[in-house]
Amino acid sequence: MSTHKETIEFILDKLDDDKFTTRAMFGEYALYCGGKVVALVCDDQLYVKIVPASAELADVCEKDEAYPGSKPYYLVEEPQ
């Protein structure tokens, strides 16, 4: 399954910052900030790279693979 364009538009709308851009890659997307990859969007799910700047997500997000065999990422889910 690949990510829908509407999902990318939703994420960019929530971020509301011109520093963020996306690039389609193999039916999925990479999310960039200032020209660096900060997250992946795979199967309509947001996976944030685990780096010191994203450490506050450790208490609120589960870790998961963005794709089989990838390193762990924070899985950010939309609150219900």
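Just so it is clear, the model here is predicted, and its values are computed rather than measured.
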J.: Please give me the minimum heavy-atom distance between Pro72 and Ile50, naming the atom from each residue.
T.: O-CD1, 3.5 Å
J.: Return all side-chain donor-acceptor pairs below 3.5 angstrom for residues 62-71, not counting sequence neighbours, or 'none' if the list is empty.
T.:
| unit_1 | atom_1 | unit_2 | atom_2 | d |
| --- | --- | --- | --- | --- |
| Glu65 | OE1 | Gly69 | N | 3.4 |
| Ser70 | OG | Ala66 | N | 3.0 |
| Ser70 | OG | Tyr67 | O | 3.3 |

J.: Measure across Ser54 and Tyr74 and return the closest heavy-atom pair with its distance rounded to 0.1 Å.
T.: O-CE1, 3.3 Å
J.: Hey, does Asp43 have a side-chain heavy atom less than 4.5 Å from the side chain of Glu28?
T.: yes
J.: Would you say Thr7 and Leu46 make side-chain contact, with heavy atoms under 4.5 Å?
T.: no
J.: Are the side chains of Tyr73 and Val48 in touch, meaning some heavy atoms are under 4.5 Å apart?
T.: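 When only atoms from C-beta onward are counted, Val48 and Tyr73 do not touch, as no gap falls below 4.5 Å.
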J.: Do His4 and Glu9 make a side-chain contact, defined as non-hydrogen atoms from C-beta onward lying under 4.5 Å apart?
T.: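 They are not in side-chain contact.
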J.: Begin with the C-alpha distance, continue with both residues' side-chain angles, and end with the deciding distance and a verdict on side-chain contact (heavy atoms from CB on, under 4.5 Å) for Leu75 and Cys61.
T.: CA-CA 6 Å; Leu75 175 58; Cys61 295; 5.7 Å; no
J.: Can you get from Ile8 to Leu31 by hopping between Ile, Leu, Val, Met, Phe, Trp and Tyr side chains that sit under 4.5 Å apart?
T.: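 As far as the 4.5 Å side-chain criterion goes, Leu31 and Ile8 are connected within one cluster.
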J.: Taking distance alone, no hydrogens or angles, what donor-acceptor pairs closer than 3.5 Å link side-chain atoms of residues 14-25 to residues at least two apart or in another chain?
T.:
| unit_1 | atom_1 | unit_2 | atom_2 | d |
| --- | --- | --- | --- | --- |
| Asp17 | OD1 | Lys19 | N | 2.9 |

J.: Looking at CD1 of Ile11 and CD of Gln45, how far apart are the two atoms once the value is rounded to the nearest 0.5 Å?
T.: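 If we round to the nearest 0.5 Å, Ile11:CD1 and Gln45:CD are 9.0 Å apart.
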J.: Backbone N or O of Val41 within a donor-acceptor pair of the Thr3 side chain at under 3.5 Å?
T.: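 Confirmed, Thr3 side chain pairs with Val41 backbone.
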J.: Test of understanding: clusters of I, L, V, M, F, W, Y form through side-chain heavy atoms closer than 4.5 Å, transitively. Do Tyr29 and Leu40 belong to the same one?
T.: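 They do not share one cluster, since no chain of ILVMFWY contacts under 4.5 Å joins Tyr29 to Leu40.
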